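Okay, structure first, notes after.
None of these values were measured; they are calculated from a predicted model. Numbering starts at 1 and runs along the sequence shown.
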Amino acid sequence: MNEETVQAIVSFLVYFSSGLGYLMVFTFIYIWVTPHAEIQLIKNGSTAASVSLIGAIAGYAIPLSKAIQQSQSAMDLMVWATLALIVQLIVFFALHLLIPKLSERIKNNGLAEAILLAGLSVVVGIINSASMTEYL
């Protein structure tokens, strides 16, 4: 194995582990700020909680992948990953304003609300990702 290949593998491991770390941080923060207990609801078989959570995670992972692709340093990645996290939290709180009992409906396995939240999270994640640029 040549030196370039070793460097590429090390770079991959750094960015991949960083990406997983940011994904875990996002998931923890998202679960912490939402009024409904996603993990417990999922353990109890709630499809709505599962759909809404995986939508939020996917909505974050899309811009996170773009941040990994374009970042030139760990600090650069941290800035973009944090911005993507903030955008996804705004999505949840904005939809919560439009549907005041959103969390209560998800607690009661409201699939329509969960699908809307998941879909909106992914759509905004795609726009968030496309909006990330190296230039101001």
*Are any non-hydrogen side-chain atoms of Leu53 and Ile39 less than 4.5 angstrom apart?*
yes

*Kindly give the heavy-atom pair with the smallest separation between Ala61 and Leu23, and that separation in Å.*
CB-CD1, 4.2 Å

_Looking at every non-hydrogen atom in both residues, tell me the closest pair between Ala48 and Asn109 and how far apart they are._
N-OD1, 2.8 Å

*Take atom CD in Gln7; do more than 12 heavy atoms of anything else shown fall under 6.0 Å from it?*
yes

*With a 4.5 Å heavy-atom cut-off, do Val79 and Leu83 have their side chains touching?*
no

*In terms of hydrophobic clusters joined by side-chain contacts under 4.5 Å, are Ile90 and Ile31 together?*
no

*Give the other cluster members for Ile126, using side-chain heavy-atom distances under 4.5 Å between Ile, Leu, Val, Met, Phe, Trp and Tyr residues; answer none if it is isolated.*
Ile62, Val122

*First locate atom OG of Ser52, then atom CD of Glu113, and finally report the distance between them rounded to the nearest 0.5 Å.*
10.5 Å

*Hey, does Gln88 have a side-chain heavy atom less than 4.5 Å from the side chain of Phe26?*
yes

*By ring-ring contact (aromatic ring centres under 6.0 Å, His included), which residues pair with Phe28, not counting sequence neighbours?*
none

*Could you tell me the separation between the OG atom of Ser131 and the NZ atom of Lys66, rounded to the nearest 0.5 Å?*
8.5 Å

*Between Leu77 and Ser18, what is the shortest heavy-atom contact and its length?*
CD2-CB, 3.8 Å

*Just how far is it from atom CE of Met132 to atom OG of Ser71, taken to the nearest 0.5 Å?*
8.5 Å

*asked:* When you group the ILVMFWY residues by side-chain heavy-atom contacts below 4.5 Å and let the links chain together, are Leu41 and Leu95 in the same group?
replied: no

_Closer than 3.5 angstrom, by distance alone: can the side chain of Asn128 be matched with the main-chain N or O of Val124 as a donor-acceptor pair?_
no

*Thr34 and Ile106: side chain to side chain contact (heavy atoms under 4.5 Å, CB included), yes or no, with the steps?*
CA-CA 11 Å; Thr34 57; Ile106 291 173; over 6 Å; no

_With a 4.5 Å cut-off on side-chain heavy atoms, are Tyr22 and Ile68 touching?_
no

*Distance-minimising heavy-atom pair for Ser103 and Pro35*: OG-CD, 3.2 Å

*Any side-chain heavy atom of Leu97 within less than 4.5 Å of one from Phe93?*
no

_Could you check whether any side-chain N or O of Ser129 sits under 3.5 Å from a backbone N or O of Gly125, counting only pairs where one atom can act as donor and the other as acceptor?_
no

_Donor-acceptor contact present, side-chain Ser121 to main-chain Leu117, <3.5 Å_ = yes

*asked:* Starting from Phe16, can I reach Val6 by hopping between I/L/V/M/F/W/Y residues whose side chains sit under 4.5 Å apart?
replied: yes

*asked:* With clusters defined by side-chain heavy atoms of hydrophobic residues (ILVMFWY) lying less than 4.5 Å apart, directly or transitively, does Met24 cluster with Leu13?
replied: no

*For the student: nearest non-hydrogen atoms of Glu38 and Ala49, plus distance*: O-CB, 4.1 Å

_For the student: nearest non-hydrogen atoms of Leu85 and Tyr60, plus distance_ = N-CE1, 3.3 Å

_Main-chain N/O of Gly110 paired with Asn108 side-chain donor or acceptor, under 3.5 Å_ = no

*asked:* Check for me, please, whether Ile115 and Ile42 land in the same ILVMFWY cluster - side-chain distances under 4.5 Å, paths through other members count.
replied: no

*His96 vs Phe92 aromatic rings, parallel, tilted or perpendicular, using cut-offs 30° and 60°?*
tilted

